[in-house]
Protein chains: 4
Amino acid sequence: MSMQQTAEGMTRPAGRPRSEKAEKAIIDATLDLLGEGIGVSELSIEAIAARAGVGKTTIYRRWSNKEDLVVDAMATLKPPIPLPQGASVRESLVTYLKVIAEESRHQRTRCIMNIALSDPDRHPRLAERFREVALEPRREIVRAILAKGIETGELRGDLDVDIAMAIISGAMMWQTKWVWPGEATEARLPERIVEEALKGFRQRAAEN
Amino acid sequence: MSMQQTAEGMTRPAGRPRSEKAEKAIIDATLDLLGEGIGVSELSIEAIAARAGVGKTTIYRRWSNKEDLVVDAMATLKPPIPLPQGASVRESLVTYLKVIAEESRHQRTRCIMNIALSDPDRHPRLAERFREVALEPRREIVRAILAKGIETGELRGDLDVDIAMAIISGAMMWQTKWVWPGEATEARLPERIVEEALKGFRQRAAEN
Amino acid sequence: MSMQQTAEGMTRPAGRPRSEKAEKAIIDATLDLLGEGIGVSELSIEAIAARAGVGKTTIYRRWSNKEDLVVDAMATLKPPIPLPQGASVRESLVTYLKVIAEESRHQRTRCIMNIALSDPDRHPRLAERFREVALEPRREIVRAILAKGIETGELRGDLDVDIAMAIISGAMMWQTKWVWPGEATEARLPERIVEEALKGFRQRAAEN
Amino acid sequence: MSMQQTAEGMTRPAGRPRSEKAEKAIIDATLDLLGEGIGVSELSIEAIAARAGVGKTTIYRRWSNKEDLVVDAMATLKPPIPLPQGASVRESLVTYLKVIAEESRHQRTRCIMNIALSDPDRHPRLAERFREVALEPRREIVRAILAKGIETGELRGDLDVDIAMAIISGAMMWQTKWVWPGEATEARLPERIVEEALKGFRQRAAEN
DNA sequence: GCGTAATCGAGACGGTACGTCTGGTCTTAAT
DNA sequence: ATTAAGACCAGACGTACCGTCTCGATTACGC
């Protein structure tokens with residue numbers, strides 16, 4: 001945890017030991033509240049303490065500020081997306097995007113996602129942590145899919161992989177959060193994005 | 001504006017008319033504060049009133065809550081991006097993306113952008129308005145560029161235009177805000193995105 | 001009136017003349033509100049304007065502050081107490097005190113009295129005016145009664161008249177307002193005060 | 001105090017106990033402000049909080065409104081007047097009235113007195129409390145002086161004590177506050193009042 | 001009858017204080 | 001030493017009036 005980390009083998013500090021139960025309750029309460037659509041700014045230590053049935057002191061003793069707490073709470077969320085084992089790049093990417101779409105349909109994931117994406121300038125440590133625990137693992141999956149595609153010759157050898165990753169994830173995100181936010185993220189969106197990304201916009205004739 | 005909208009031809013209501021100067025000062029103060037990195041939640045009516053040199057009443061008389069004010073403040077921001085007149089789709093898109101990149105380098109635009117993009121769930125009216133005044137005009141530009149490309153035969157006639165738009169804008173946004181936020185949005189990003197989007201990821205061989 | 005007093009024969013100033021009706025309405029509204037138990041401090045120009053059906057400007061044009069208005073409003077109240085024509089000093093004084101007691105039983109007189117007596121330090125001009133229009137006329141009555149008593153030999157020739165006046169009025173006031181405020185000002189209070197004042201506290205034996 | 005009154009022997013309520021220092025600071029600030037001539041109406045909680053160096057909550061936690069606070073503040077003022085031990089009734093009463101006169105020459109006592117006396121109708125609880133802590137103790141002194149006078153035969157056995165008290169105190173008050181307010185309460189006023197009160201207004205001849 | 005000019009009611013203006021709420025910190029007794 | 005409770009100071013909230021100001025409309029007079 002953030003502030004007290006008794007190394008193994010050291011003698012336990014005097015006095016009453018910290019309650020693990022309290023700690024868990026705090027983290028849970030935090031995630032609950034975030035999951036209910038409370039933003040980081042609106043999230044108050046007071047509310048967390050009340051929800052967790054814990055004194056405010058108990059929270060401040062462990063985390064010196066709200067952001068640290070949220071960061072730690074985030075860290076407990078597992079990145080559970082497995083590498084899709086599709087027969088083709090197209091198939092794998094579509095599968096991946098469908099998982100993402102499915103995830104953002106769940107209230108809790110959705111809200112926490114929003115918070116994480118909210119404002120990297122205002123909560124830089126939060127953003128950084130989010131990048132670590134959620135973004136990069138997912139990026140690695142896409143990177144792996146694309147790398148395998150290049151290896152098998154399905155994709156161009158000179159593909160700009162970073163940009164390709166941005167195209168896949170960015171298009172999905174953009175369309176979902178901003179352009180069609182209410183439309184239940186149109187079911188065939190993944191296929192359409194992958195299709196166009198793979199094909200390219202240009203006339204074939206123009207390529208000759 | 002939000003609350004008072006005297007229809008044309010109606011007699012002016014009795015009493016001293018509302019001050020346009022005050023109104024402008026309030027909007028300016030709001031945008032100033034947002035531009036300085038204050039978030040919507042942290043933004044206080046009291047601070048706006050103080051900055052604008054205005055009584056709180058004067059604000060509450062016009063807008064019944066903070067969000068309405070921010071919404072109206074947003075609406076005064078002009079979407080000043082002209083349609084790029086490049087010789088080719090590639091050139092036009094690159095020009096467009098460079099303008100976007102340039103914009104987000106300015107503190108004020110950047111902060112306001114962040115707020116607008118922050119959380120469509122928490123501030124839905126804000127998000128909606130932002131979509132109207134900023135997003136859609138920009139989307140129309142991309143749409144126009146792509147439409148012209150199809151017309152001239154530079155792009156595929158069966159191009160999924162919505163998805164193509166999402167790819168262009170989404171990739172740019174995603175990479176800028178989330179993947180390389182600190183890296184001054186790498187100068188050649190626009191070219192690289194446009195390049196890959198136009199070409200497509202696939203091997204030409206695979207297309208034959 | 002306080003601010004505008006066109007002397008007779010002077011040419012009337014240009015423009016629309018001030019409305020006497022408005023003036024009267026303002027004074028009436030003021031006395032009404034005071035009569036309802038609103039104190040000078042709690043009395044608001046806004047409330048007076050609303051009650052009188054008049055713009056606030058119309059009040060401020062005539063009186064530069066609240067106190068001036070209240071002073072003028074007071075001045076319109078007539079001091080209607082006649083000189084009691086009792087057969088003896090005792091009878092006259094009792095009659096006088098009973099009138100006072102009766103007066104203070106009426107809501108309006110009572111409230112305005114309270115205001116006038118409220119705080120000579122905070123509203124000195126108000127207090128001064130009150131002394132002029134209400135206090136002194138009443139004091140003159142008592143003075144006249146006592147003077148006549150001395151003349152007829154009913155009272156001691158070396159009576160300290162000022163002090164005697166203070167004893168009569170002060171005892172009445174004190175007992176009424178402070179000691180027995182709720183007790184409907186006990187009906188025989190005037191007789192009892194006059195009795196003791198005339199007799200003196202001392203044993204007759206001690207006088208010999 | 002008004003709202004929290006832990007009975008003896010009860011276990012202390014959980015949490016940080018209320019600060020006696022803050023409580024004292026609030027009372028002091030209140031009396032200070034009143035003593036500076038601020039009236040109850042003009043007295044603002046905000047000003048008290050600022051003066052006491054205390055949050056507004058700390059005030060509202062203890063007193064639910066301004067009047068309760070002023071009432072409690074009043075109650076802390078001790079009635080320090082000792083029973084005058086004069087050789088005669090005359091001497092004791094004069095001594096007593098001189099103390100009163102002296103008291104009302106002090107700014108603080110004077111202002112607070114004014115407030116207390118201001119308007120029993122508008123602030124009935126305040127008036128009631130004032131009667132308890134200041135008025136009655138003083139009345140008891142006068143009553144004791146008179147009772148002793150009757151006992152020693154110096155005063156008439158059938159003296160109407162209540163009325164006699166009203167005459168003494170009322171005459172003093174009336175003359176001081178209303179008739180000669182500016183005249184530094186003429187030095188010999190106590191003697192003159194006592195003199196006339198003891199003697200009575202009537203000709204001795206008339207008594208035989 | 002027409003311009004001039006002070007008035008009228010209405011209501012917006014910049015302020016101040018209200019009483020409430022919540023923020024993060026501090027201080028208890030009990031564990 | 002850590003806990004839950006809750007008081008602490010601070011300050012924003014939205015409301016109510018303050019006394020001033022600015023409007024269009026009204027009302028008199030002298031031209």
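We name chains A, B, ... by the order of the sequence lines, and we start the count at 1 in each one. Quick note: numbers below take in every heavy atom, side chains included, and nothing from hydrogens, waters or symmetry partners.
Side-chain contact between C:Leu31 and C:Ile27 is present, with heavy atoms from C-beta onward closer than 4.5 Å. Side chains of D:Leu33 and D:Glu36 form a contact here, defined as non-hydrogen atoms less than 4.5 Å apart. Using a 4.5 Å heavy-atom threshold, the side chains of B:Thr30 and B:Leu34 count as touching. Looking at heavy atoms from C-beta onward, D:Val70 lies out of side-chain contact with D:Glu67 at the 4.5 angstrom threshold.
When the P atom of F:dT15 is taken as reference, atom CZ of B:Arg61 falls 12 Å away, rounded to whole Å. Atom CD of C:Glu20 and atom P of F:dA28 are 11 Å apart (whole Å). Rounded to whole Å, the distance from CD1 on B:Ile26 to P on E:dA12 is 13 Å. What separates CD of B:Glu23 from P of E:dG14 is a distance of 11 Å, to the nearest Å. If you measure from atom CD1 of B:Ile59 to atom P of F:dT15, you get 13 Å, rounded to the nearest angstrom. F:dA12 atom P lies 14 Å from atom CZ of B:Arg51, rounded to whole Å. Rounded to an integer number of Å, the gap from CD of B:Glu42 to C1' of F:dG11 is 15 Å. For the pair B:Leu69 CG and F:dC13 P, the computed distance is 11 Å after rounding to whole Å.
Mapping B:Ala22 and B:Gly15 onto DNA chain E by nearest heavy atom places B:Gly15 closer to the 5' end of the strand. Mapping B:Pro17 and A:Gly53 onto DNA chain F via the closest heavy atom, the residue that lands nearer the 5' end is A:Gly53. Each of A:Val54 and D:Arg16 lies near DNA chain F, and the nucleotide nearest A:Val54 is the one positioned closer to the 5' end.
A close approach under 4.0 Å does occur between a side-chain nitrogen or oxygen of B:Thr58 and OP1 or OP2 of E:dG14. OP1 or OP2 of E:dA10 has not a single side-chain nitrogen or oxygen of B:Arg18 nearer than 4.0 Å.
When the nucleotides E:dA12, E:dC26, E:dG11 are ranked by their closest atom to the side chain of B:Ala14, E:dG11 comes out on top.
Nearest heavy atoms, A:Ala52 versus A:Ala25: CB-O, 3.6 Å.
Of the possible donor and acceptor atoms, none in the side chain of B:Lys56 sits under 3.5 Å from a partner among the backbone N and O of B:Ile45.
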Stepwise, does the side-chain contact (heavy atoms from CB on, under 4.5 Å) test hold for C:Leu69 with C:Ile48?
-> CA-CA 10 Å; C:Leu69 167 55; C:Ile48 296 172; 3.7 Å; yes

Could you pull out the protein-nucleic contacts involving nucleotides 18-22 of chain E (nitrogen or oxygen on both sides, under 3.5 Å)?
residue, atom, partner, partner atom, Å
E:dC18, OP1, D:Ile45, N, 2.4
E:dC18, OP2, D:Ile45, N, 3.4
E:dC18, OP2, D:Glu46, N, 2.6
E:dG19, OP2, D:Tyr60, OH, 2.5
E:dG19, O5', D:Tyr60, OH, 3.2
E:dG19, N7, D:Lys56, NZ, 3.2
E:dG19, O6, D:Lys56, NZ, 2.9

